[in-house]
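Proteins get letters first, then strands, A, B, ... in listed order; numbering begins at 1 in each. Reckoned from all heavy atoms, side chains included, excluding hydrogens, waters and symmetry mates.
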2 protein chains.
Amino acid sequence: MNSKYISLYGDIIAKIEEGTFPVNAKLPSESSFMSEYGISRDTVRKALNLLEQNGYIHKIKGKGSFVLDINKFNFPVAGLISFKEMAEKLNLHSKTIIHTLELESPGSNMMKHLDLTNDKEIWKVFRIRQINGKKIILDKDYFNSELVPKLTKEICEDSIYRYIEGELGLQIGFSNKEITVEPCSEEDEQLLDMEDYDMVAVVRSTVHLMDGSLFQYSESRHRPDKFKFTDFARRTW
Amino acid sequence: MNSKYISLYGDIIAKIEEGTFPVNAKLPSESSFMSEYGISRDTVRKALNLLEQNGYIHKIKGKGSFVLDINKFNFPVAGLISFKEMAEKLNLHSKTIIHTLELESPGSNMMKHLDLTNDKEIWKVFRIRQINGKKIILDKDYFNSELVPKLTKEICEDSIYRYIEGELGLQIGFSNKEITVEPCSEEDEQLLDMEDYDMVAVVRSTVHLMDGSLFQYSESRHRPDKFKFTDFARRTW
DNA sequence: GAGTGGTCTAGACCACGTT
DNA sequence: ACGTGGTCTAGACCACTCA
């Protein structure tokens, strides 16, 4: 199923995580991987480049590839990952409350965010994320109903992404995120446990499938003290 | 000087920006670029992959490569870019006020962030960024003095990065950022025009050179209404 | 000089989308 | 059937680091 370089990529991550390749250690050279896996150099290089892009290693010409301390930088919320995936990785005691789940009739003002003409319908899903008993995050998601024809309460409580990728077989491709800090709305105050905070961190994003079609617009509103976003960036020219 | 694929990468960006390759248009195929530039397919693919990584295009197997609407998503503050570079691109009327510029003696509590032993010195630079007459951002930077031996007021008012990359010839490699929202400190209130806001958006980052050495730790504190962070992410496996 | 990663080539086969 | 991008190979030369 998977390509050779993805397998190697996965193997190396596993070995980094289990400590076979500890932090700051030098990874085996490209030629070692070639002979160990019986693959060509280019294939090894593809795997190593992926690792580098995602912040697992860095490579130094003439010296080798070295394991970076990825834990130092907490958790890569930066990538494309759902609340469910994150909660599982971090072992959070979390709960999702479905607040709204409806097919919004044509003409809603969300149409423009999904680049849809006005005769189309949109799934509107509002979910409240509870962590350690406190309502911390309000997720407002809008889906193109032509791509996601059916949504149920069960799907929304589990993971919409798992459903979309698993059941529907759609391939998530890329997203754009924008993070701002805004005064909290009446809605935020009603639905979240805001305590004394009067602002929220807002992550707005559009998510596209591999073929480029826009299928989701979402707004994720976080109580500020519980919000953290981490990002790994490389200088590219 | 530059490699072939970087040249092609730059050429294509230029053509996207000037409109020769408009948004949503199909880019010429890989084989067109091969014959046009007289280079091999792999070299073309390297350029296209870079464009894809950086959100300029997306590729669809069997169809082609298409120009994404990069402007839709504002400005890629996500990458590694300095305030000066950003202000220039956005044509902001900005000003930098140097608040602190000193060589901090050994034993400061910033040592740990720079992974330095206690006998080393650190450059400490506090700058206030003013936009349209308002003090909006407080940048607190700490540099490893072994890598950046000398800093002057002039350098800090212009661009430290320009100095480091241009004069010192160091190569910025990668960084980790972490964004949080925090109550504003006394210092924030004194140095910034906070108006009625009582929180700040804080971007903490470590910046490494190409060889992996850690040379900067910084904390950038923004008035919340003027803060925006954008990010382009791909789902990688 | 030996070992390492960086660039580049030429050619192969595959999977996908369109016609 | 044809054109597209995705994967993979084998081999070449270069630049850099280190003993």
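Here the side chain of A:R45 pairs no donor or acceptor atom with the backbone of A:E30 at under 3.5 angstrom. Panel note: side chain B:S220, backbone B:V203; no donor-acceptor pair is recorded below 3.5 Å.
Remark on DNA chain D: of its neighbouring residues A:K61 and B:P28, the 5'-side contact belongs to B:P28, judged by nearest-heavy-atom nucleotide.
When the side-chain nitrogen and oxygen atoms of B:K59 are compared with OP1 and OP2 of D:dG6, one or more of them lie within a distance under 4.0 Å. Phosphate contact (OP1/OP2 of C:dG3, side-chain N/O of A:S29, threshold under 4.0 Å): absent. The side chain of A:S31 places no N or O atom within less than 4.0 Å of a non-bridging phosphate oxygen (OP1 or OP2) of C:dG3. A close approach under 4.0 Å does not occur between any side-chain nitrogen or oxygen of A:S65 and OP1 or OP2 of C:dT4. Not one side-chain nitrogen or oxygen of B:Y5 sits closer than 4.0 Å to the OP1 or OP2 atom of C:dC8.
Two end axes, each from the C1' atoms of five base pairs, can be drawn for the helix from C:dG1-D:dC18 to C:dT18-D:dA1; they diverge by 10°, to 10 degrees.
Rounding to whole angstrom units, CD1 of residue B:I57 and P of D:dT4 are separated by 15 Å. Rounded to whole Å, the distance from CZ on A:F66 to P on D:dC18 is 9 Å. Atom pair A:L209:CG and C:dG17:C1' shows a separation of 16 Å (rounding to whole Å applied). Atoms CG (B:N49) and P (C:dT7) sit 13 Å apart, rounded to a whole Å. Here the P atom of nucleotide C:dG5 and the CG atom of A:L50 are 17 Å apart, to the nearest Å. The CZ-P distance, from A:R45 to C:dT7, rounds to 7 Å in whole Å. Per the geometry, NZ belonging to A:K26 stands 15 Å off P belonging to D:dT17, to the nearest Å. For B:E52 and D:dT4, the CD to C1' distance is 14 Å, given to the nearest whole Å.
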Distances under 3.5 Å between protein N/O atoms and the N/O atoms of nucleotides 9-13 of chain D, please, pair by pair.
residue, atom, partner, partner atom, Å
D:dT9, OP1, A:K4, NZ, 2.9
D:dT9, OP2, A:S40, N, 2.7
D:dT9, OP2, A:S40, OG, 2.8
D:dT9, OP2, A:T43, OG1, 2.7
D:dA12, N6, A:R41, NH1, 3.2

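Closest approach to the A:K46 side chain among C:dT4, D:dG5, D:dT7 is made by D:dT7 (side chain taken as heavy atoms from C-beta onward). When the nucleotides C:dT4, D:dG5, C:dG17 are ranked by their closest atom to the side chain of B:K63, C:dG17 comes out on top.
Side-chain atoms of B:L48 and B:L27, non-hydrogen and from C-beta on, do get closer than 4.5 Å to each other. In this structure, the side chains of B:Q216 and B:I160 stay at 4.5 Å or more apart for every pair of heavy atoms. Looking at heavy atoms from C-beta onward, B:I57 lies out of side-chain contact with B:F21 at the 4.5 angstrom threshold. Counting heavy atoms from C-beta on, the side chains of A:I179 and A:F227 come closer than 4.5 Å. Side-chain contact check for B:N49 versus A:N49: every heavy-atom pair is 4.5 Å or farther apart.
Using a 4.0 Å heavy-atom cutoff across all strands shown, A:L48 reaches no nucleic acid atom at all.
Note: B:I98 CD1 to B:E154 CD = 9.0 Å, rounded to the nearest 0.5 Å.
Considering B:D139, B:L101, B:I155 as possible partners of B:V125, the one that fulfils the side chain to side chain contact (heavy atoms under 4.5 Å, CB included) test is B:L101. Exactly one of A:Y217, A:F215, A:F174 qualifies for a ring pair (Phe, Tyr, Trp, His ring centres under 6.0 Å) with A:H208. That residue is A:F174.
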